[in-house]
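Both counts, for ligands and for their atoms, begin at 1 and track the order of listing.
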Amino acid sequence: MTNVIVQPTARPVTPLGILTKQLEAIVKEVKQHPDLPGELIANINQAWRLAAGIDPYLEECTTPESDALAALAKTTATEAWGEHFNGGTTVRPLEQEMLSGHIEGQTLKMFVHMTKAKRVLEIGMFTGYSALAMAEALPEDGLLVACEVDPYAAEIGQKAFQQSPHGGKIRVELDAALATLDKLAEAGESFDLVFIDADKKEYVTYFHKLLGSSLLAPDGFICVDNTLLQGEVYLPAEERSVNGEAIAQFNHTVAIDHRVQQVLLPLRDGLTIIRRIQP
Ligand SMILES: C[S@@+](CC[C@H](N)C(=O)[O-])C[C@H]1O[C@@H](n2cnc3c(N)ncnc32)[C@H](O)[C@@H]1O
């Protein structure tokens, strides 16, 4: 019996990925109707090509990931996550699509370089891809504290960290993120860069805890993943999932908070960058 299955293709989990898949289906359908106006068919084809070409082009023009990151992405993609949850191996329903990946990993790594961060906090580590990507940009005496509640995912990450010269900069906190944040705040720990990527329903609480404690350094930045939530945040509210509603409320909370400035980048499933402008 094996607990590993090969899943080479992840399902689309970004607005662009979903749009591309839908356009692809429309292109196929249109091919069955040669009686449609030629200009309409050409426009639909062009729309599909424009959408489908973006992600491969970003991959092509971005610095390749390290061997350690590539191996970790491959390991994560071949785990039988559905079976693991059904069999009780993982405490949460996890899936390969949770991994941030090449472009977002290199973006976060670049942010660590740009901010010259020495202490990074990640809330939601999964198998450690984004943690390792950011750790690769930390100085030798830098530290990344990674919060994860699932022991199985965390173990995969820790094994991968041992294979990287940068893994020694990562400390894993295995517990519910809110408990870890309280513990870190009580210890007076502080971080130059925080990456939020755990439970969408807790994002608002993470945000308030970071700003209301020592956790976010005075000049610190917060990066928040999935702030487009597959487009649900700008599509009609009655069509939203629980996570879509949680992210819509998070985005609104940040937008009206006068202590911060923020920008929502349409990278992958949406990445918001926040900086504190007053205590
Ligand atoms: C989207 S994944 C993180 C992906 C990771 N940052 C990456 O780029 O590969 C979210 C992770 O957060 C973890 N998580 C969810 N809720 C949590 C909580 N309350 N406390 C700690 N971890 C949590 C999940 O177990 C999951 O591994």
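In this structure, T75 contributes its side chain and A71 its backbone to a donor-acceptor pair below 3.5 Å.
Y203 and K200 form a side-chain donor-acceptor contact under 3.5 Å, judged by distance and modelled atom types alone. For E245 and Q249, the side-chain atoms include at least one donor-acceptor pair closer than 3.5 Å.
Distances from atom 10 (C) of ligand 1 to the heavy atoms of V149, D199, D197 show the closest one on D197. For atom 21 (C) of ligand 1, the nearest non-hydrogen atom from the set A177, P93, G101 comes from A177. Checking Q96, R92, E148 against atom 26 (C) of ligand 1, the nearest heavy atom belongs to E148.
Atoms CD and OG, on E186 and S213 in that order, are 11.0 Å from each other to the nearest 0.5 Å. To the nearest 0.5 angstrom, D225 atom CG is 4.0 Å from D197 atom CG. Taking CD of E95 as the start and CZ of F85 as the end, the distance is 12.0 Å to the nearest 0.5 Å.
Where the criterion is an N or O separation shorter than 3.5 Å, residue side chain and backbone included, C147 fails it with respect to ligand 1. When only interatomic distances are considered, the shortest N/O to N/O separation between K200 and ligand 1 does not fall below 3.5 Å.
Less than 4.0 angstrom separates some heavy atom of F126 from each of these atoms of ligand 1: 2 (S), 3 (C), 4 (C), 5 (C), 27 (O).
Under 4.0 Å from ligand 1, the heavy atoms of D175 that appear belong solely to its backbone. Of the heavy atoms in E122, only side-chain atoms (C-beta onward) come closer than 4.0 Å to ligand 1.
The aromatic rings of W81 and Y152 lie perpendicular to each other, with more than 60° between the two planes, well past the 30° mark.
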Using a 3.5 Å cut-off and no angle test, enumerate the donor-acceptor pairs between side-chain atoms of residues 101-122 and protein atoms at least two apart in sequence or in another chain.
{"from": "H102", "atom 1": "ND1", "to": "E59", "atom 2": "OE1", "distance (Å)": "2.6"}
{"from": "H102", "atom 1": "NE2", "to": "T63", "atom 2": "O", "distance (Å)": "2.7"}
{"from": "T107", "atom 1": "OG1", "to": "I103", "atom 2": "O", "distance (Å)": "2.7"}
{"from": "K109", "atom 1": "NZ", "to": "E136", "atom 2": "OE1", "distance (Å)": "3.0"}
{"from": "T115", "atom 1": "OG1", "to": "F111", "atom 2": "O", "distance (Å)": "2.8"}
{"from": "T115", "atom 1": "OG1", "to": "V112", "atom 2": "O", "distance (Å)": "3.4"}
{"from": "T115", "atom 1": "OG1", "to": "A117", "atom 2": "N", "distance (Å)": "3.4"}
{"from": "K118", "atom 1": "NZ", "to": "D141", "atom 2": "OD2", "distance (Å)": "2.9"}
{"from": "R119", "atom 1": "NE", "to": "S190", "atom 2": "O", "distance (Å)": "2.7"}
{"from": "R119", "atom 1": "NH2", "to": "E189", "atom 2": "OE1", "distance (Å)": "2.5"}
{"from": "E122", "atom 1": "OE2", "to": "S130", "atom 2": "OG", "distance (Å)": "2.5"}

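Here the heavy atom of the protein found nearest to atom 19 (N) of ligand 1 is E202 OE1, 3.3 Å. In terms of protein heavy atoms, atom 8 (O) of ligand 1 is closest to S100 OG, 2.6 Å. The single protein non-hydrogen atom nearest to atom 7 (C) of ligand 1 is S130 OG, 3.2 Å, given as residue, atom name and distance.
Proximity of A153 to ligand 1 is not established, as no heavy-atom distance is less than 4.0 Å.
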